[in-house]
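We number each residue from 1, following the sequence as shown. This one's a predicted model, so the numbers in the text were calculated from it and none came from an experiment.
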Amino acid sequence: MDAFRDAILQRGPIESFALKTVQEFIQPQKQTKLAQDENQMLENMLRTLLQELVASAAQSGEQIMHYGQLIDDNEDIRGQIPHLLDVVLYLCEKEHVEGGMIFQLLEDLTEMSTMKNCKDVFGYIESKQDILGKQELFARGKLVMLRTCNQLLRRLSKANDVVFCGRILMFLAHFFPLSERSAVNIKGVFNTSNETKYEKDPPNGISVDFNFYKTFWSLQEYFCNPASLTSATTKWQKFSSSLAVVLNTFDAQPLSEEEGEANSLEEDAATFNIKYLTSSKLMGLELKDSSFRRHILLQCLILFDYLRAPGKNDKDMPSETMKEEVKSCEDRVKKLLEITPPKGKEFLRAVEHILEREKNWVWWKRDGCPPFEKQPIEKKSPNAGQKKRRPRYRLGNKELSQLWRWADQNPNALTDAQRVRTPAIADYWKPLAEDMDPAAGIEDEYHHKNNRVYCWKGLRFTARQDLEGFSRFTELGIEGVVPVELLPPEVRSKYQAKPNDKAKRAKKEDTKGGSQEAEGQIGVSYGEAEAEGGRGEAEAMESDAIADTPTPEEQQRLGGSDTDNGQEAGQIEDAETEEAGLMETDLDHPPMPVS
């Protein structure tokens, strides 16, 4: 202890003697960081030394933060207690000792000091706010600091020490983050000790309705503890009936604009804290005060907002009948606020906005107060003399530029025979043709015809390159699209077109085309013959055209029987093709008229 007493009297940089003093006093196992038992021994010694310094300052009659202060010609030498706190704060900041030690010493110092000295102690705390708020120190001492500030607030007078109370609250607001839940009423406990006292018996010579007076001030019991309304239905019924009496009185006695402006306290609202008196003699004057009415109506809206707040248990939620009554009462209260001068509509709009924002706070508490601060993104500064450039691509993105670079390196990439290209029909359908061979023994489960993508692509290729094969898809399915030359002999006859069917189809098409050509020739010949005045040649030409048209018996004979082979069908098809060609030649070069 003597070593520390001598250390705080030394002048000069703290870092030159702070750690050395601890090592001389403790002789720790580690040279730069104390163990748990060593920290506890050092804390007990420092608290004892601080108590002795405070006692010495009280005996000398000096302020504790200025005790032992010496003034030189060149600099202002601080007192012994602030110098001791600076040494401990340096050791905590450098993690040589336990981080919560400085907070414990500050709490002891405020408890041992008078309120006059506490202002100086709190001034020291405010000056070291940035260091105390560092994460390594804040995490170890935030609860101790919160307890210290709350104890100071309890000791201060709310009427005489308003400025000091404001300093403490401002410090807490800056010291703790926004998402800190230590100062939040998580459970929603109400301050039922804030009791509003009013007269129970009517005094002599009263000029107002005493029953209304009692009804009016009895509402404060429910405003003080809104949770009691949902626990018992009788309380809600009593509250709703009392509130209806008060609202009816406000409706019956509206305020004029002159009365509202004369009794308004909005100009002094920033510095005036209202606690209305409950004397029955003031009831008549208070009813004429627009600010008084607004406070009561605002309390009603806050209570209604609490009853509809999310996150409650089912047993705490109001019933359906109660919800309807709350809705009707809320509409009535808002209407009264709107007509209460001055600026009733603006005041109601501001209140609704505040209550809407309050829901965010309620939801945040219901979810367990999760942190919502976003850490700033560290921007990496570019090297000196270099400008940071965004990557630029020749064709807009990395992939296209890479493809273009490959094309530059390989000019023959587009003409390479091995590049991806559309396959031939025979090559594409070869796997399916092999699956159709019974000798291959391919199970139906592994058949290519079950691959929907393979079949879809094959139909697209066939539609572009083989229309005749594509037409077989309707009758024979996907296996009928496979070229016949790829199929094995035992399967080819099943999917090969029969000769008689092919001949019939070709003959039918030729018959239809021949009829149309004959009709065209008849029309041409008839017109020419009529222009020359002779009908004989036209009739002869018409007879020839009709004679060229095959009769049904000839069509049956040309079609042949089912036993005809493919060669005969091919010969018939060739003959029909030549005949159709001759008919087209005749149509292109019509006969000359006979003179």
Looking only at atom types and distance, does a side-chain atom of N39 sit under 3.5 Å from a main-chain N or O of E98, one as donor and one as acceptor?
yes

Does D367 use its side chain to pair, donor to acceptor, with the backbone of C369 at less than 3.5 Å?
no

Side chains of N117 and T114: donor-acceptor distance under 3.5 Å anywhere?
yes

What one should report as the nearest heavy-atom pair of C224 and T192 is SG-CA, 3.6 Å

Is the count of non-hydrogen atoms from other residues, nucleotides or ligands lying under 6.0 Å from Q51 atom CD greater than 12?
no

Minimum heavy-atom separation for M322 to T230, with atom names?
CE-CG2, 4.1 Å

Count the heavy atoms belonging to other residues, nucleotides or ligands that lie under 6.0 Å from NZ of K119, then report whether that count exceeds 12.
no

Test salt bridge (charged side-chain N to carboxylate O under 4.0 Å, His left out) on E330 and R308; report intermediate values, then the result.
CA-CA 12 Å; E330 183 180 17; R308 295 196 308 268; 2.7 Å; yes

Looking at side-chain heavy atoms only, is the closest gap between E221 and T196 below 4.5 Å?
no

Heavy-atom distance under 4.5 Å between the side chains of S242 and V246, does that happen here?
no

Check: F216 ring centroid to Y213 ring centroid under 6.0 Å
no

Are the side chains of I64 and M112 in contact, using a 4.5 Å heavy-atom criterion?
no

Rounding to 0.5 Å, atoms CD1 (I296) and CG (L336) come to a distance of 12.5 Å

Return the minimal non-hydrogen interatomic distance between M101 and C92, and the atom names on each side.
CB-SG, 4.1 Å

I want to check something: taking the side chain as every heavy atom from C-beta on, are F103 and D108 in contact at a cut-off of under 4.5 Å?
no

When you compare the side chain of K359 with that of E356, does any pair of heavy atoms fall below 4.5 Å?
yes

Taking atom CE as the centre, does M41 end up with more than 12 heavy-atom neighbours from other residues, nucleotides or ligands that are less than 6.0 angstrom away?
yes

Starting at CG of L42, measure out to CG of L91 and round the result to the nearest 0.5 Å.
7.5 Å

Criterion side chain to side chain contact (heavy atoms under 4.5 Å, CB included) on Q220 and N194, from CA distance to verdict:
CA-CA 10 Å; Q220 297 298 322; N194 186 15; over 6 Å; no

Main-chain N/O of Q40 paired to N44 side chain as donor or acceptor, under 3.5 Å
yes

Hey, is K343 close enough to E257 for a salt bridge, meaning N to O under 4.0 Å?
no

Is the backbone of T340 close enough, under 3.5 Å, to the side chain of S290 for a donor and an acceptor to pair up by distance?
no

Determine, step by step, whether L105 and L84 satisfy the side chain to side chain contact (heavy atoms under 4.5 Å, CB included) criterion, reporting the C-alpha distance in whole Å, the side-chain angles of both residues, the deciding distance to 0.1 Å, and the verdict.
CA-CA 10 Å; L105 294 180; L84 175 63; 5.5 Å; no

What one should report as the nearest heavy-atom pair of W217 and L277 is CZ2-O, 3.5 Å

Find the distance between NZ (K116) and CG (D120) and round it off to the nearest 0.5 Å.
8.5 Å

Can you sort out the partners of E286 under side-chain hydrogen bond (donor to acceptor under 3.5 Å, both in side chains), two or more places apart, ordered by chain and number?
none

Distance check, rounded to the nearest 0.5 Å: L282 atom CG versus D289 atom CG?
11.0 Å

Closer than 4.0 angstrom, basic N to acidic O: yes or no for R140 and E136?
no

I'd like to know if the side chain of H66 reaches the main chain of E62, judged simply by a donor and an acceptor atom lying under 3.5 Å from each other, with no hydrogens or angles considered.
no

Quick check against the 3.5 Å criterion: does N248 have a side-chain atom that pairs as donor or acceptor with the backbone of A244?
yes

Taking side chain to side chain donor-acceptor pair (under 3.5 Å) as the cut-off, I'd like each qualifying pair that reaches into residues 146-173, sequence neighbours left out, listed once.
E107-R147, E126-R167

Cation-aromatic face contact K200/Y198, 6.0 Å, 45 degrees
yes

Residue pair R293 / F250: nearest heavy atoms and the distance that separates them
NH1-O, 3.5 Å

Considering only heavy atoms from C-beta outward, does the side chain of C149 approach that of F175 to under 4.5 Å?
no

Rounded to the nearest 0.5 Å, what separates atom CZ in F122 from atom OG1 in T110?
10.5 Å

Quick check: are there more than 12 heavy atoms from other residues, nucleotides or ligands sitting under 6.0 Å from CD of Q36?
no

Could you check whether atom CG of N191 has more than 12 heavy atoms from other residues, nucleotides or ligands sitting under 6.0 Å from it?
yes

Sole residue of K334, K335, K327 in salt bridge (charged side-chain N to carboxylate O under 4.0 Å, His left out) with D331
K327

Dump the intermediate steps for salt bridge (charged side-chain N to carboxylate O under 4.0 Å, His left out) on K214 and E199, then the final yes or no.
CA-CA 8 Å; K214 291 179 61 177; E199 300 173 6; over 6 Å; no

With side chain to side chain contact (heavy atoms under 4.5 Å, CB included) as the criterion, how do L132 and F138 come out once you've worked through the C-alpha distance, each side chain's angles and the decisive distance to 0.1 Å?
CA-CA 6 Å; L132 295 174; F138 174 80; over 6 Å; no

Heavy-atom closest pair, residues L297 and V333
O-CG1, 3.6 Å

Return the orientation label for the F190 and Y306 ring planes: parallel under 30°, perpendicular over 60°, tilted otherwise.
perpendicular

Kindly indicate whether the side chain of L337, heavy atoms from C-beta on, has any atom under 4.5 Å from the side chain of R349.
no

Side chain to side chain contact (heavy atoms under 4.5 Å, CB included) for W361 and E358? Distances and angles first, verdict last.
CA-CA 5 Å; W361 182 260; E358 188 69 14; 3.8 Å; yes

Does the side chain of L303 come within less than 4.5 Å of F239's, by heavy atoms?
yes

I need the M145 CE to F176 CZ distance, nearest 0.5 Å.
8.0 Å

